[in-house]
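Indexing begins at 1, ligand by ligand and atom by atom, following the structure's order.
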Amino acid sequence: MDAPRSAAIENLMDERRTFVPDPAFVARANATADLYAEAERDYVAFWERLARERISWSKPFETTLEWDLPFAKWFVGGELNVAYNCLDRHVEAGRGDKVAYHWVGEPGETRSLTYADLLREVGKAANALRELGVEKGDRVAIYMPMIPELPIAMLACARIGAPHTVVFGGFSAEALSGRINDCGAKVLITADGGYRRGKEVGLKHHADEAMASTPTIEHAIVVNRLGHGVHMVPFRDHWWHDLVGRQSADCPPVAVDSEHMLYLLYTSGTTAKPKGILHTTAGYLLGTSFTHEMIFDLKPDDVYWCAADIGWVTGHSYIVYGPLANGATGVMYEGAPDTPSWDRWWQIVEDYKVSILYMAPTAIRAFMKQGPQYPAAHDLSSLRVLGSVGEPINPEAWLWYHEHVGRGAAPIVDTWWQTETGMILISPLPGVTTTKPGSATFPFPGIKADVVDADGVSVPLGGGGYLVLKQPWPAMLRGIYGDQERYRETYWSRFPGMYFAGDGAKRDEEGYYWLLGRVDDVMNVAGHRISTTEVESALVDHRSVAEAAVVGVKDEVSGQAIYAFVILKASGEPSDALAVQLREHVAYVIGPIARPKYLMFVPDLPKTRSGKIMRRLLRDIAEGRTLGDTTTLADATVVDTIRENSGSAEE
Ligand code: 7RM
């Protein structure tokens, strides 16, 4: 049980089930093991070949990589346009009639847009931005629900070289104005509102409140989604259907430098002000499109559905830029998975014959909680690849996804990456990689990762530590907007010469990577550094548990003690006896040191809009403090409910 002193995080779980690729899948797979060998020989030459093959350049690049740590420039000297690569070239090649998006609104209406439709709408929106005085380099803020005008607005910006910053529709006026002011956006594109859980959610009044304190905003464009009118400020506000509606569809794409800023996406630091993560053009387009094609095994006739929100980086890279650059047919859904009922997603899969489905573990666990009868009631036989992103996926959730959604046949790709990395960096390649439930498996070809101890020394296989990246990659962030010192400090100072992602990880004896959660969340129990992920997975391993979150709370004896918050499956009944049983279950599965001292049954957990559990707030609750920053919390009522019950934890 005693770990060597250098162990940064202990390795407690031992998952031994493996899934070998199906030979029929292997025979048709896009990816082959050769990719690893090619990238290993010379990663710069590897990306150079791909950039020349995959991107349509207005001017070819001269130098593949200039690496002045921590600043990378990829494909130096090249010029291109992202919207051209995502739209025009497919239409020019005769694929204008192919559907780019099947869109489903929450109330039930549908729209399908072909590549030709999208090109036309993007051209008009780009001309509208031009009319409002937006020029290459000017920033545009976007605050919208999940409607087709959202990707259209992003591509319109890309077409004229105006970087966008998308702000989640669920964020407050204050969050919106803070981001607008940080980047000095000139125009805001928004909507009157959208639909969520059967209700109308207004956006324009938040946008108005934000614009009261954003001196740089000159104009707003407003999509009419709800249709019963909102206050419009004369000369500042314009209806999308008026302004965009009257434009010509012809808007020549503006060629920009490879390193031209494509967008900013703000990540909320826990304490400090949000960081504007800066992404540029060519490397990002290459990284997202190539990983999308390989990791999801995209074929021309696939129907691909990434069920994320576009306001999250997952939507930027894997709903908009990667899939469109690949000419994919995608599904886009506006609303919640439980509206009007828990089989909404499975109905969409059946209706559109979705073949590739990409979602977050939080959604998988929510479906698990409801029970397998919902997916079982639908024809899901079209599904052939399943993806997971956003958090570690517990082995039990992985197996549930495999069995009840993938019918035991579709390979699962557990994809690790971040807003900062732009593209997936650790993932299986379907048809190549033997998977293990709960492991993101191996770094993508061309990616050099490692697990190091507190001194930055590589931890031998079988041990846990800090996940780092040791080589630049094309879609990496180019910095934090307006604060390159903070960029250096945040990502490159903990381990000199390495990018530190903030995540813990371990590798097993075969070199498989297992993500262990944020290192800030690691618990220290009597000198043992225990990851939240492993204890949570041990809880979810119990047949009654759908989801769990654990945190370390101050303890006089052990320094910290483990406090578990548990959501039961619909079939489970909370009881003192079950609480005891669950704590023993953890001790049995991974060892007595990890047995939670406290356990509380909860109906829900505090999460961000992208579904990540906010353990920081759970710590505040468990230790009886007032709550810290809650601006990114998806549903504020959840913490109140937990707080009211927190006196009743089992000990
Ligand atoms: C894509 C995204 C990044 C953080 C990251 C991790 C966690 C994401 C996985 C994962 C384990 C995964 N961008 N994370 N994917 N942990 N396995 N497959 O989520 O910027 O919003 O978050 O999310 O902690 O650092 S993000």
Is there a nitrogen or oxygen of [X] sitting under 3.5 Å from a nitrogen or oxygen of ligand 1?
X      : answer
Ser388 : no
Leu515 : no
Gln418 : yes

Taking 4.0 angstrom as the limit and counting only heavy atoms of [X], give me the atoms of ligand 1 inside it, by number and element.
X      : value
Val389 : 1 (C)
Arg518 : 24 (O), 25 (O)
Thr415 : 9 (C), 12 (C), 15 (N), 18 (N)

Check residues 469-476 and write down every donor-acceptor pair under 3.5 Å in which the side-chain atom is one partner and the other belongs to a residue at least two apart or another chain.
residue: Lys470; atom: NZ; partner: Asp450; partner atom: OD2; Å: 2.7
residue: Gln471; atom: NE2; partner: Gly446; partner atom: O; Å: 3.2
residue: Trp473; atom: NE1; partner: Thr421; partner atom: O; Å: 2.9

Practice item. Only counting residues at least two apart or in another chain, list the ones meeting ring pair (Phe, Tyr, Trp, His ring centres under 6.0 Å) with Tyr36. Key: none

For ligand 1, is any non-hydrogen atom under 4.0 Å from [X]'s backbone (N, CA, C, O), its side chain (CB onward), both, or neither?
X      : result
Glu391 : backbone
Thr267 : neither
Thr419 : both
Thr314 : side chain

Identity and distance of the protein heavy atom lying nearest [atom]:
atom                    : result
atom 5 (C) of ligand 1  : Asp503 OD2, 3.2 Å
atom 19 (O) of ligand 1 : Lys612 NZ, 2.8 Å
atom 21 (O) of ligand 1 : Trp312 NE1, 2.9 Å
atom 1 (C) of ligand 1  : Trp417 CE2, 3.4 Å
atom 7 (C) of ligand 1  : Gly390 O, 3.3 Å
atom 11 (C) of ligand 1 : Pro392 N, 3.1 Å

Would you tell me whether [X] and [Y] have side-chain atoms, one donor and one acceptor, within less than 3.5 Å of each other?
X      : Y      : result
Tyr284 : Ser317 : yes
Thr490 : Lys275 : no
Tyr358 : Thr415 : yes

Check your understanding: Is the NZ or CZ atom of Arg494 positioned over Tyr466's six-membered ring, under 6.0 angstrom from the centre and within 45° of the axis?
Key -> yes

Exercise for review: Would you confirm whether the ring centroid of Phe71 sits within less than 6.0 angstrom of the ring centroid of Tyr487?
Suggested key: yes

Review point. Between Trp400 and Ile393, is any pair of side-chain heavy atoms under 4.5 Å apart?
Key: no

Review point. Is Glu623 close to Tyr563 at the side-chain level, that is, under 4.5 Å between some pair of heavy atoms?
Key: no

Check your understanding: Are Glu391 and Arg365 close enough for a salt bridge, meaning some N to O gap below 4.0 Å?
Key -> yes

